[in-house]
Structure formats: C-alpha cells, structure tokens
Amino acid sequence: MARVWPLVLLLLGCARPPEAGPLVPLPQVRLEEEAPLHIAVAGILSPKRSYPYWTLAQTLWPEARVLGRRGYKEVLELLQKGQADVAFLCTFAAAKAVVEGYGEVVASSVPAPWTRYRSVIIVRADSQRASLTDLVGATMAFVDPLSNTGYIRPMQALKKLGYRPEAYLGKILFTYAHDRAVEAVIRGLVEAAALDGMVLDALKRKNPELKARIRVIWEGPEDPPPPVVVRKGLAPEVKRDLLQRLQEAGQLPEAGIAGFAPANDGVYRRFLEGF
C-alpha cells in the first residue's frame with residue numbers, strides 16, 4: 001500500500017501537509033496595507049532555484065500584494081474566500097476553481113517552442129524500470145495533490161490500466177516543487193517521480209548534465225497549458241489590465257513559458273469533464 005514517506009519529506013526540506021499551512025520562505029517585498037490587487041502564487045520551483053510566478057507578479061504589478069503559498073489547495077482557498085484576486089494555477093486546480101464557481105480564466109500560458117505541456121515520469125538513468133507498468137512497489141515522488149502533471153495525470157493513467165495506485169505503488173511523497181521531484185530521483189530517495197514536462201525541459205536546457213542522469217519512462221497527453229485565474233466578480237477593467245500586462249511582458253523561461261494569451265473557462269471546464 002502506498003504511504004507518505006515522512007523521512008524523505010524532511011530530507012528534501014518539504015513542508016507539512018497543506019492543512020498545516022505554508023512553511024516555504026518567500027522573498028520579501030514591499031507591501032502596502034491596502035494593496036489594490038492580491039495575487040496568489042504557489043512555488044513550482046524550490047527557493048534555491050527561483051519563484052517564477054512570484055517574480056512575474058512582483059515585476060508586472062509592483063503595486064500588488066503577492067501572497068505566496070506552498071500548495072494549490074491553499075491558493076484555491078484564498079481565491080474561494082475572496083482573499084485573492086488573481087491566482088497562477090496548474091490546469092487541474094484552475095479547472096476545479098472554474099467548475100466550483102469561484103474562479104474565471106482570463107489567460108493561458110503559451111509553451112516555449114521547445115516544449116509542450118504534459119506530465120512525465122522520470123527514473124534514474126541506470127534504473128531497470130522502463131514503463132508505467134514497471135512501477136509496482138516503486139517509491140515515488142509527486143509534486144502536489146492538485147497538480148495536473150505532478151499527480152493527477154499519472155494516477156489517472158494507472159487507474160486506466162486497471163491498477164489501484166495506493167496498492168500498486170510503494171511509499172510516496174509530495175515535494176511541492178517540480179525540481180525537488182527531480183532531485184529526489186537523482187539522490188536515490190525515490191525510484192520515480194512525476195512532474196511537469198515543461199519544467200523538466202527547462203531544467204535540462206539550463207543543466208544539460210541532467211540528460212545523462214535521468215530518463216523519462218512515461219509521458220501523458222498534451223493538456224491545456226496552465227492558466228491565470230481571477231476570482232468571480234473581479235471588475236472587467238481590472239481583468240483587461242491584467243491580460244494586457246501579461247501579453248506585453250509575461251514570460252517564464254524557468255517554467256518553459258514563452259508568454260500568455262487570452263483564454264476563457266471553456267477549455268478548462270471541458271478538461272475536467274474528462275476526469
């Protein structure tokens with residue numbers, strides 16, 4: 001039966017489960033008491049790498065208050081309670097906000113020409129595990145319980161093959177950062193890890209030596225890329241301003257994102273129907 005591995009969580013410097021609140025230290029920024037806009041972000045890369053969405057939000061909206069949270073669950077709670085006006089979310093978490101009625105998609109990220117948005121599972125280059133069906137009993141790292149690429153898609157794929165993931169896999173952990181999932185594999189703390197293929201491609205471009213240390217054994221389908229979501233009821237002029245700023249200057253090469261384009265709820269609502 002799959003179990004969370006507390007020891008590995010400590011070794012990786014991961015925080016407690018989402019219910020306990022954020023532990024990840026975030027960069028300090030100058031905040032006004034009455035910020036005109038509240039932007040919620042979750043770290044997709046660990047502190048020693050960067051906070052791509054945090055940096056983007058701080059750069060494009062210096063007058064806004066940026067609310068850093070470790071996981072998507074906490075970001076959704078801020079959006080649902082009206083404590084965040086804007087949220088950078090993964091595809092599954094965004095679709096959940098749309099379907100549950102408290103979020104609205106205003107833009108989608110545009111993958112760089114050298115990548116595409118999909119889930120991947122990696123192992124060490126010298127591993128004997130070669131496919132999804134070879135993961136029986138494997139210790140495995142996931143990114144976030146609401147991460148489309150780092151949890152939802154791989155679990156769905158196992159279920160479609162007729163497996164019960166909780167019985168099929170060995171011990172599991174959540175890293176709450178895609179690069180930490182890669183590190184867990186390289187350091188031998190887990191045998192396999194699921195993460196965002198766009199982030200993995202970006203990490204390989206920055207660190208070419210990774211290509212000789214890890215191997216992709218499974219890739220999921222190409223999904224609608226991660227969007228930008230606003231709370232229901234946000235003023236139309238604010239949404240227009242958000243979209244304009246994103247289109248003019250928004251890019252996150254660390255995450256494989258070349259820019260942002262206008263989008264709406266439709267494709268994300270249909271995406272969730274597939275689950």
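Side-chain atoms of Pro145 and Phe174, non-hydrogen and from C-beta on, do get closer than 4.5 Å to each other. Residues Trp61 and Asp241 are in side-chain contact: their nearest non-hydrogen atoms beyond the backbone lie under 4.5 Å apart. Proximity of Leu200 to Val216: side-chain heavy atoms (C-beta onward) are separated by under 4.5 Å at one or more points. Looking at Arg213 and Val182, their side chains never come closer than 4.5 Å, going by heavy atoms from C-beta outward. For the pair Leu135 and Tyr168, the minimum side-chain heavy-atom distance is below 4.5 Å. Put simply, the side chain of Asp85 reaches to within 4.5 Å of the side chain of Leu37, judged on heavy atoms. A heavy-atom distance below 4.5 Å is not found between the side chains of Leu146 and Val75. Residues Arg69 and Glu77 form no side-chain contact, since every pair of their non-hydrogen atoms from C-beta on lies 4.5 Å or further apart.
Across every non-hydrogen atom of Gly150 and Ser147, the tightest pair is N-OG, 2.8 Å. Shown here for Trp54 and Gly68, the closest heavy-atom pair between the two residues is CZ3-N, 3.6 Å. Smallest separation of non-hydrogen atoms from Leu79 and Gly103: CD2-CA, 4.4 Å. Of all heavy-atom pairs between Ala249 and Leu56, the closest is O-CD1, 4.4 Å. In this structure, Leu132 and Leu161 approach most closely via the heavy-atom pair CD2-CD1, 3.6 Å. Here the shortest heavy-atom pairing between Pro154 and Asn148 reads CD-O, 4.0 Å.
Every residue meeting the side chain to side chain donor-acceptor pair (under 3.5 Å) condition with Glu248, not counting sequence neighbours, appears here in chain and number order: Gln244. Residues meeting the salt bridge (charged side-chain N to carboxylate O under 4.0 Å, His left out) test with Arg215, sequence neighbours left out: none. Residues satisfying the side-chain contact (heavy atoms from CB on, under 4.5 Å) criterion with Ala202, sequence neighbours excluded, are Trp114. Pro221 is linked by a side-chain contact (heavy atoms from CB on, under 4.5 Å) to Arg153, Asp223, counting only residues two or more places apart in sequence or in another chain. Under the side-chain contact (heavy atoms from CB on, under 4.5 Å) criterion, Gln83 pairs with Leu78, Lys81, sequence neighbours left out. Here Gln80 pairs with nothing under the side chain to side chain donor-acceptor pair (under 3.5 Å) rule; sequence neighbours left out. Applying the salt bridge (charged side-chain N to carboxylate O under 4.0 Å, His left out) test to Arg240 and every residue at least two apart in sequence or in another chain returns nothing. Applying the ring pair (Phe, Tyr, Trp, His ring centres under 6.0 Å) criterion to Tyr117, with sequence neighbours excluded, gives no partner residue. In this view, Thr115 and Pro111, Ala112, Arg118, Met198, Asp201 satisfy the side-chain contact (heavy atoms from CB on, under 4.5 Å) rule, not counting sequence neighbours.
Transitive grouping of hydrophobic side chains (ILVMFWY, heavy atoms separated by less than 4.5 Å) brings Val41 and Val238 into a common cluster. When hydrophobic clusters are built by joining Ile, Leu, Val, Met, Phe, Trp and Tyr residues whose side-chain heavy atoms come closer than 4.5 Å, directly or via intermediates, Ile122 is grouped together with Ile186. Cluster annotation: Leu203 and Tyr53 are assigned to the same hydrophobic cluster (Ile/Leu/Val/Met/Phe/Trp/Tyr, side-chain heavy-atom contacts under 4.5 Å, transitive). Leu243 is not connected to Val228 by any chain of hydrophobic side-chain contacts under 4.5 Å among Ile, Leu, Val, Met, Phe, Trp and Tyr, and they are in different clusters. Put simply, Tyr163 and Leu169 are part of the same group of oily side chains (I, L, V, M, F, W, Y) that touch within less than 4.5 Å, one to the next.
Here the CG-NZ distance, from Leu234 to Lys232, works out to 11.5 Å after rounding to the nearest 0.5 Å. A distance of 11.0 Å separates CZ in Arg180 from CG in Leu173, rounded to the nearest 0.5 Å. With rounding to the nearest 0.5 Å, the separation of CG in Leu252 from CD in Glu254 is 6.0 Å. Here the CZ atom belonging to Arg231 is positioned 10.0 Å from the NE2 atom belonging to His38, to the nearest 0.5 angstrom. Taking NZ of Lys73 as the reference point, atom CG of Asp144 lies at 10.5 Å (rounded to 0.5 Å).
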Let me check something: any side-chain donor-acceptor pairs from residues 258-275 under 3.5 Å, sequence neighbours excluded? List them with distances.
from   : atom 1 : to     : atom 2 : distance (Å)
Asn264 : OD1    : Gly266 : N      : 3.0
Asp265 : OD1    : Val105 : N      : 2.7
Tyr268 : OH     : Pro225 : O      : 2.6

Validation: residues 88-98 side-chain donor-acceptor distances under 3.5 Å, sequence neighbours left out:
from  : atom 1 : to     : atom 2 : distance (Å)
Thr91 : OG1    : Pro224 : O      : 2.6
Lys96 : NZ     : Glu100 : OE2    : 2.8

task = Given side-chain contact (heavy atoms from CB on, under 4.5 Å), test Thr149 with Val199 step by step and report yes or no.
result = CA-CA 10 Å; Thr149 55; Val199 174; over 6 Å; no
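A side chain to side chain contact (heavy atoms under 4.5 Å, CB included) with Leu60 holds for exactly one of Thr55, Leu242, Leu246, Ile39; it is Leu246.
Within the structure, side chain to side chain donor-acceptor pair (under 3.5 Å) contacts touching residues 124-133 (residues at least two apart or in different chains) are Arg124-Asp126, Arg129-Glu191, Ser131-Thr133, Ser131-Asp134.
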